[in-house]
Amino acid sequence: MLGYFRKKSIILDMILSSVLLPSWQKLSIYLLFSISVSLFAHHAFYLYQEQHSLQRYLEGIIERTKQSVFQMRTSLNLAITNDQIACSDKDLNSLRIALLKYPYIEDIGRITEDHKLICSALWGPFTPPLELPKQANIDTSFRINWPETNGLFAKGQQRSVFSAGNAFVIPSPATFTDLIRHSRKTGSVLYSSKKQHIYRIFDDITLEEAKKAMSYSKNNVPMLPTANNILTLRICPAGFNFCATAIDKRTGYFDMNIWQWLWAILVGAFFGMFMAFSWAIFKSNRRSLIYRLKYAIKNDQIYSLYQPKIQLNTGEIIGVEALARWQDQELGTVSPDQFIACAEKNKLITPLTQQLVKKNLDDMLRYLKANSDFTLSINLSIQDLSNPSFLHFVERQVQQRGIHPGQIIFEVTERSAAQSDVLKQVTKRFLRKGYQISLDDFGTGFSNLSWLTAFDPHEIKIDKMFIQSIGTQTVNQITLDSIFLLVSKLDVKLVFEGIESLEEVDYLTQHTPNAIGQGWLYSKAVDTESLGKLLKNQPFTSTAFLTNSPD
Ligand SMILES: Nc1nc2c(ncn2[C@@H]2O[C@@H]3COP(=O)(O)O[C@H]4[C@@H](O)[C@H](n5cnc6c(=O)[nH]c(N)nc65)O[C@@H]4COP(=O)(O)O[C@H]3[C@H]2O)c(=O)[nH]1
């Protein structure tokens, strides 16, 4: 069990260590940001829902008011066209029949020109007549209507009275009963379209709140949550003389309960973490070797430095080996062993080699032209060689610059036995075109004798580990001695890599007088300018020539 958890934690450690984890400061910023975004999103979401619910509520009130208006208009018309003597029994009976037909009307009766109610279907004749308040509103639908009328019904009750001709109606207070929400945060106000008169206030809305809501000529949807802002929606139906505004006094944030707040914070925190880690992974990927290498190739940032190859017995520079260099903004100096392997693995080697070949030919053109014995060694990967178009590419580049193919040496390394057959085939095509082939890193890995017999390289490069073994009496030194013996029988140039001391030069020249060498004793890989100086000052005859040029 313990082992299981240990294993899990190792895997987690591995995952986490491969990602650039965000710092606590960054994580807090992400969290703060996304919690705020989440809260705002929740606010907007609830606001949207509330707006929809308020819209439905308002439409309900508008629809019911239209029905009520229709019933009032029709019943008033019936009363006006009734040719009975006003307030007679017959008149009152026909008014009662009308009253029974229209459920949104509470009472219907007769009114005099000076605004006195003289009888009604419910109450019969009023003796004396009931006087209405003087402040009448002119209403296009009903000619005259009065606002709340005190005293007609129970004490304190108010009714609106609408009149036309010698008839009046009182709408039923039960008209909207089923629409009332009994809500403490929403409500609505019904008023004349010119805002002269408030017909009715629904739910728990104060007169001040109703007036404030009426003051908005359009819908008021407060996206930014402030405590004083109210959500209001207004509808003024065409062909009618009234408007209704619905109000929501506590919206979004202000209406969220503790669980909704917690949920919003949790969602925000989750997304904040998610964003922070996604960004960290994205950044880690951007910093990855493969990403940076693609970027470097695309932006032509990889270049070559040139390490002189020396004829050891004379100290003369007979050519150079191009060695790729890459200085990345993010990763710093990356060794060619690393990035070449990465390019090979990710099928980037062909574009990279092509870029480098062009640069190498351009850089060395003047030296190649100045001395027809001067050679340029270029490292190739097996993928370059097996790419059928690569030889054509090289041919084009070499011909365009008027360079003799024999001055170009392609260094190849056999990295697996399986590559042997391919190499045999392809290198022959290069040899036929006049290029030289050099067998690199001889003695290491798969570069061995079988290779030598498979085809005839012009040159064998002995790996630096053998040079470093000189004077050590190790297996490598013994191998080096056998290489001398073997190569003396073959028609092939021997190039020793990694020469760092005069003793090594002495040892090598004693065994192979025509040996060629390269190493830090003479020079590290240098740029074209420094190479020019080295060429001027050659031959290397003593330690005085040894440079400390940067690699
Ligand atoms: N300790 C020591 N080292 C010395 C001395 N003289 C030279 N060297 C290093 O030995 C390596 C020789 O290159 P290589 O065997 O072709 O091995 C090369 C070659 O296989 C590959 N490479 C470099 N440039 C290219 C390129 O343009 N294309 C391809 N395909 N491979 C390249 O990367 C390998 C490593 O290149 P570098 O890091 O530049 O390492 C170079 C060079 O800097 C010395 O006196 N002492």
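Counting convention: from 1, in listed order, for ligands and their atoms alike. The basis for the numbers below is simple: all heavy atoms, side chains too, and nothing from hydrogens, waters or symmetry mates.
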In terms of atom number and element, which parts of ligand 1 are under 4.0 angstrom from non-hydrogen atoms of [X]?
X      : answer
Asp441 : 15 (O)
Ala324 : 23 (C), 24 (N), 25 (C), 26 (C), 27 (O)
Leu356 : 27 (O)
Gln307 : 6 (N), 7 (C)
Gly519 : 6 (N), 45 (O)

Out of [options], who gets a non-hydrogen atom closest to [atom]?
atom                    : options                        : answer
atom 10 (O) of ligand 1 : Lys464, Arg325, Met465         : Lys464
atom 12 (C) of ligand 1 : Lys524, Gln355, Glu497, Lys359 : Glu497
atom 33 (O) of ligand 1 : Asp337, Leu380, Ile378, Ile340 : Asp337

Original post:
For the residue pair Ala246 and Leu58, what are the closest heavy atoms and their distance?
Top reply: N-CD1, 3.7 Å

Original post:
Do the rings of Phe270 and Phe274 sit parallel, tilted or perpendicular, given the 30° and 60° boundaries?
Top reply: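 Phe270 vs Phe274 ring planes: parallel.
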
Original post:
Relative to each other, are the rings of Phe410 and Tyr435 parallel, tilted or perpendicular (30° and 60° limits)?
Top reply: tilted

Original post:
For ligand 1, is any non-hydrogen atom under 4.0 Å from Asp463's backbone (N, CA, C, O), its side chain (CB onward), both, or neither?
Top reply: neither

Subject >> Residue part near ligand 1, for Asn379, under 4.0 Å between non-hydrogen atoms >> reply: both

Subject >> Short side-chain donor-acceptor distance under 3.5 Å, Lys309 and Ser377 >> reply: yes

Original post:
Between the side chains of Tyr57 and Thr186, is a donor N or O closer than 3.5 angstrom to an acceptor N or O?
Top reply: no

Original post:
Does Arg292 make a cation-pi contact with Tyr295 (under 6.0 Å, within 45 degrees of the axis)?
Top reply: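 Verdict for Tyr295: a cation-pi partner in Arg292.
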
Subject >> Contact (N/O only, under 3.5 Å) between Asp384 and ligand 1 >> reply: no

Original post:
Measuring from Ile317:CD1 to Leu534:CG, what's the distance to the nearest 0.5 Å?
Top reply: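 One gets 5.0 Å once the value is rounded to the nearest 0.5 Å.
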
Original post:
Atom CG of Leu233 and atom CZ of Arg56: how far apart are they, to the nearest 0.5 Å?
Top reply: 11.5 Å

